[in-house]
Every structure is written in structure tokens, then in C-alpha cells.
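Take a look at the structure set out below.
All heavy atoms count here, side chains included; hydrogens, waters and symmetry mates do not.
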Amino acid sequence: MKQNDRAFVRFEQSQVQGALDQLHDADPDTYHSVVQNANAALNEVVPTLGSSFLDPTYAEAVSNAKINLGVEDLDFANEGHRVAIGDALTDILRER
């Protein structure tokens with residue numbers, strides 16, 4: 001089942017990437033605004049507290065993704081970063 005979870009995360013994020021690429025081509029200003037806002041939200045997460053809009057499980061997944069990638073900040077425009085969040089989230093949920 002874990003392989004199915006990982007495959008779905010990759011499929012889902014490839015769809016997100018396609019939408020982001022289309023937005024970038026159609027309206028670069030909006031694309032940059034979306035990415036900047038998403039990055040601000042992702043990178044404000046405090047692992048033990050979550051953030052104003054994230055539940056604690058998702059906050060933990062974001063923190064784990066940063067650790068697994070060896071980065072201080074995540075980049076929503078980077079498909080690999082979004083996949084790392086999805087993988088971390090499915091790992092957490094499978095452990096519970």
C-alpha cells in the first residue's frame with residue numbers, strides 16, 4: 001500500500017506542476033504571487049505548534065520534508081519539495 005500512496009502523491013503533484021506551469025505561461029505575476037504566498041505559509045510552520053491554517057499532522061509532515069530534503073525552507077514551485085511533503089504525510093498517517 002505504501003507504494004500506492006507514493007505513486008498517488010507523484011501523480012497528484014505532477015498535475016499540480018502542470019497547472020503551475022500553465023499559470024506561469026498565462027500570467028507570470030499571478031504565478032509568482034501564488035508561489036510566494038504558498039512559500040510563506042509553508043515556511044512559517046512551527047513543528048510543535050502548527051501554523052494558523054495547518055493542522056499539527058500537516059505541520060509535522062512539512063517539518064519532516066524539510067529534514068528529509070536537508071533544506072531550511074521549502075519551495076512550492078519545486079515539485080520535489082511538494083512530493084516530499086506528501087511522502088512525509090503518508091508516512092505519518094500510516095504510522096498511526
Side-chain angles (χ1 to χ4, degrees):
M1 290 288 232
K2 186 174 182 175
Q3 290 176 331
N4 289 341
D5 292 340
R6 295 208 184 275
F8 184 77
V9 165
R10 280 148 185 77
F11 168 75
E12 174 188 50
Q13 291 310 314
S14 72
Q15 298 299 303
V16 171
Q17 191 62 48
L20 285 172
D21 291 345
Q22 288 179 346
L23 180 59
H24 182 271
D25 293 344
D27 188 348
D29 290 339
T30 299
Y31 166 85
H32 289 295
S33 178
V34 166
V35 169
Q36 182 178 17
N37 288 332
N39 285 343
L42 285 172
N43 293 309
E44 78 173 14
V45 173
V46 177
T48 57
L49 302 176
S51 74
S52 58
F53 82 101
L54 295 177
D55 71 48
T57 302
Y58 194 79
E60 182 182 355
V62 168
S63 178
N64 289 352
K66 289 178 181 180
I67 291 166
N68 292 339
L69 291 168
V71 299
E72 188 173 319
D73 289 323
L74 294 169
D75 181 3
F76 185 75
N78 185 322
E79 185 174 349
H81 286 197
R82 297 190 315 273
V83 166
I85 296 167
D87 287 347
L89 183 59
T90 59
D91 289 345
I92 291 165
L93 294 174
R94 285 208 164 272
E95 291 172 1
R96 293 185 180 171

Quick check for you: to the nearest 0.5 Å, what is the distance between [X] atom [atom1] and [Y] atom [atom2]?
{"X": "Ser33", "Y": "Gln36", "atom1": "OG", "atom2": "CD", "value": "6.5 Å"}
{"X": "Lys66", "Y": "Ile85", "atom1": "NZ", "atom2": "CD1", "value": "9.0 Å"}
{"X": "Glu60", "Y": "Leu89", "atom1": "CD", "atom2": "CG", "value": "9.5 Å"}

Would a single hydrophobic cluster contain both [Y] and [X], if residues Ile, Leu, Val, Met, Phe, Trp and Tyr are joined by side-chain heavy-atom contacts under 4.5 Å?
{"X": "Val9", "Y": "Leu69", "result": "no"}
{"X": "Val71", "Y": "Val62", "result": "yes"}
{"X": "Leu74", "Y": "Leu20", "result": "yes"}
{"X": "Val83", "Y": "Tyr58", "result": "no"}

Side chains of Asp73 and Asn39 in contact at under 4.5 Å (non-hydrogen atoms)
no

State, yes or no, whether a side-chain contact exists between Val16 and Glu79 at a heavy-atom distance under 4.5 Å.
no

Please report the shortest heavy-atom distance between Arg82 and Phe76, naming the atom on each side.
NH1-O, 2.6 Å

What is the minimum heavy-atom distance between Ala88 and Ala65, and which atoms define it?
CB-N, 4.2 Å

Using a 6.0 Å cut-off, check whether atom CD of Glu12 has over 12 heavy atoms from anything other than its own residue.
yes

Just by modelled atom types, is the [Y] backbone N or O under 3.5 Å from a matching donor or acceptor in the [X] side chain?
{"X": "Asp27", "Y": "Leu23", "result": "no"}
{"X": "His81", "Y": "Asp75", "result": "yes"}
{"X": "Asp5", "Y": "Asp87", "result": "no"}
{"X": "Thr90", "Y": "Gly86", "result": "yes"}

